[in-house]
Engineer: 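This is the structure, below, for whatever I ask next.
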Amino acid sequence: MDFKNQIQEHMEVICADGKNHGLVDHLEGDYIKLTKSSSSDGMHHWLPLSAIDHVDAHVHLRLTHEQTQMQTLDEDPNMKAGTPNMASM
């Protein structure tokens with residue numbers, strides 16, 4: 001299912017075990033970019049849309065918090081090697 005039209009800025013991202021994983025900053029391609037303020041290290045992180053189970057008032061993942069930690073990317077997956085990310089400057 002295509003969840004892109006249902007995901008809104010600052011929606012909570014909830015893991016399958018009920019734990020909060022952060023807040024949506026915005027969508028970037030096939031990834032959810034999480035807000036810096038919802039991250040323990042103060043950095044942006046990305047989750048693949050394929051990790052989503054469903055969307056209502058929150059984004060619900062099909063993965064537990066531990067599984068989600070393993071799927072979370074620390075670097076922008078949409079960046080081409082050697083191309084600066086102007087949005088983060």
Side-chain angles (χ1 to χ4, degrees):
M1 179 175 231
D2 184 17
F3 298 110
K4 288 183 180 182
N5 294 329
Q6 299 174 335
I7 299 172
Q8 302 294 318
E9 211 173 275
H10 296 181
M11 282 182 134
E12 286 186 71
V13 178
I14 309 294
C15 300
D17 54 7
K19 294 184 180 178
N20 185 310
H21 192 70
L23 297 174
V24 173
D25 189 324
H26 62 273
L27 294 179
E28 288 188 351
D30 291 328
Y31 294 87
I32 296 172
K33 184 175 184 177
L34 301 173
T35 63
K36 290 180 183 180
S37 62
S38 66
S39 172
S40 61
D41 64 2
M43 303 294 289
H44 283 294
H45 297 280
W46 290 260
L47 284 172
L49 293 178
S50 61
I52 298 173
D53 180 65
H54 67 280
V55 177
D56 50 25
H58 307 94
V59 177
H60 296 270
L61 304 178
R62 59 181 180 78
L63 306 170
T64 65
H65 190 68
E66 184 176 335
Q67 292 169 323
T68 302
Q69 294 282 58
M70 295 176 7
Q71 291 286 320
T72 301
L73 303 175
D74 295 333
E75 294 183 15
D76 187 344
N78 300 300
M79 289 255 317
K80 294 180 181 173
T83 305
N85 182 351
M86 300 307 284
S88 65
M89 295 182 161

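Keep in mind that what you see is a predicted model, and the values were worked out from it rather than measured.
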Engineer: What do the steps show when you test I7 against V59 for side-chain contact (heavy atoms from CB on, under 4.5 Å), and what is the final call?
Structural biologist: CA-CA 7 Å; I7 299 172; V59 177; 4.2 Å; yes
Engineer: Do L34 and D25 come close enough that some side-chain heavy atom pair is under 4.5 Å?
Structural biologist: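 Counting from C-beta outward, L34 and D25 never come under 4.5 Å.
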Engineer: With heavy-atom distances below 4.5 Å as the criterion, would you say the side chains of H10 and T35 are in contact?
Structural biologist: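 Yes. Closest side-chain heavy atoms under 4.5 Å.
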Engineer: Testing the basics here: between H60 and D56, what is the closest heavy-atom pair and its distance to 0.1 Å?
Structural biologist: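 Looking at all heavy atoms of both residues, the closest pair is NE2-OD1, 2.9 Å.
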Engineer: So do the side chains of L49 and K4 get within less than 4.5 Å of each other, counting heavy atoms only?
Structural biologist: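 With C-beta onward as the side chain, the pair touches.
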Engineer: N78 side chain to E28 main-chain N or O, any donor-acceptor pair under 3.5 Å?
Structural biologist: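 Judged by distance alone, yes, a pair lies under 3.5 Å.
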Engineer: Any chance you could measure Q6, atom CD, to I52, atom CD1, to the nearest 0.5 Å?
Structural biologist: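 The CD1 atom of I52 is 9.0 Å from CD of Q6, to the nearest 0.5 Å.
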Engineer: Would you say the side chain of T68 lies within less than 4.5 Å of the side chain of L47, judging by non-hydrogen atoms?
Structural biologist: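 When only atoms from C-beta onward are counted, T68 and L47 do touch, with a gap below 4.5 Å.
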Engineer: With side-chain contact (heavy atoms from CB on, under 4.5 Å) as the test, would you mind laying out the steps for E12 and L23 before giving the verdict?
Structural biologist: CA-CA 5 Å; E12 286 186 71; L23 297 174; 3.7 Å; yes
Engineer: Does R62 use its side chain to pair, donor to acceptor, with the backbone of S50 at less than 3.5 Å?
Structural biologist: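 At least one qualifying donor-acceptor pair exists.
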Engineer: State, yes or no, whether a side-chain contact exists between D17 and L63 at a heavy-atom distance under 4.5 Å.
Structural biologist: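 They are not in side-chain contact.
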Engineer: Decide yes or no on side-chain contact (heavy atoms from CB on, under 4.5 Å) for T64 and C15, but give the supporting numbers first.
Structural biologist: CA-CA 5 Å; T64 65; C15 300; 5.6 Å; no
Engineer: More than 12 heavy atoms of other residues, nucleotides or ligands under 6.0 Å from CD of E75: is that the case?
Structural biologist: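 Atom CD in E75 is not crowded, with 12 or fewer foreign heavy atoms closer than 6.0 Å.
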Engineer: Quick one: does Q69's side chain have a donor or acceptor within less than 3.5 Å of a partner on E66's backbone?
Structural biologist: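 Not confirmed, Q69 side chain does not pair with E66 backbone.
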Engineer: For the residue pair W46 and H44, does the interplanar ring angle fall in the parallel (under 30°), tilted (30 to 60°) or perpendicular (over 60°) class?
Structural biologist: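 Tilted: the ring planes of W46 and H44 meet at 30° to 60°.
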Engineer: May I have the step-by-step check of side-chain contact (heavy atoms from CB on, under 4.5 Å) for I14 and L61, ending in yes or no?
Structural biologist: CA-CA 6 Å; I14 309 294; L61 304 178; over 6 Å; no
Engineer: To check you understand the geometry: which heavy-atom pair defines the closest contact between F3 and D53, and what is its length?
Structural biologist: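 Scanning both residues, the minimum pair turns out to be CZ-O, 3.4 Å.
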Engineer: Please state whether the rings of H65 and H21 are parallel, tilted or perpendicular, taking 30° and 60° as the class boundaries.
Structural biologist: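 The rings of H65 and H21 stand perpendicular, inter-plane angle above 60°.
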Engineer: Consider only side-chain N and O atoms of S39 and H45, and report whether a donor and an acceptor are under 3.5 Å apart.
Structural biologist: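 Yes, H45 and S39 have a side-chain donor paired with an acceptor closer than 3.5 Å.
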Engineer: Would you give the length of the straight line joining atom OH of Y31 to atom OG1 of T72, rounded to the nearest 0.5 angstrom?
Structural biologist: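 Rounded to the nearest 0.5 Å, the OH-OG1 separation comes out at 11.5 Å.
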Engineer: Does G22 offer a backbone N or O that forms a donor-acceptor pair with the side chain of S38 under 3.5 Å?
Structural biologist: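 Pair absent, no side-chain N/O of S38 close to backbone of G22.
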Engineer: Any Lys/Arg nitrogen of D41 or K36 sitting under 4.0 Å from an Asp/Glu carboxylate oxygen of the other?
Structural biologist: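 So D41 does not pair with K36 through a salt bridge.
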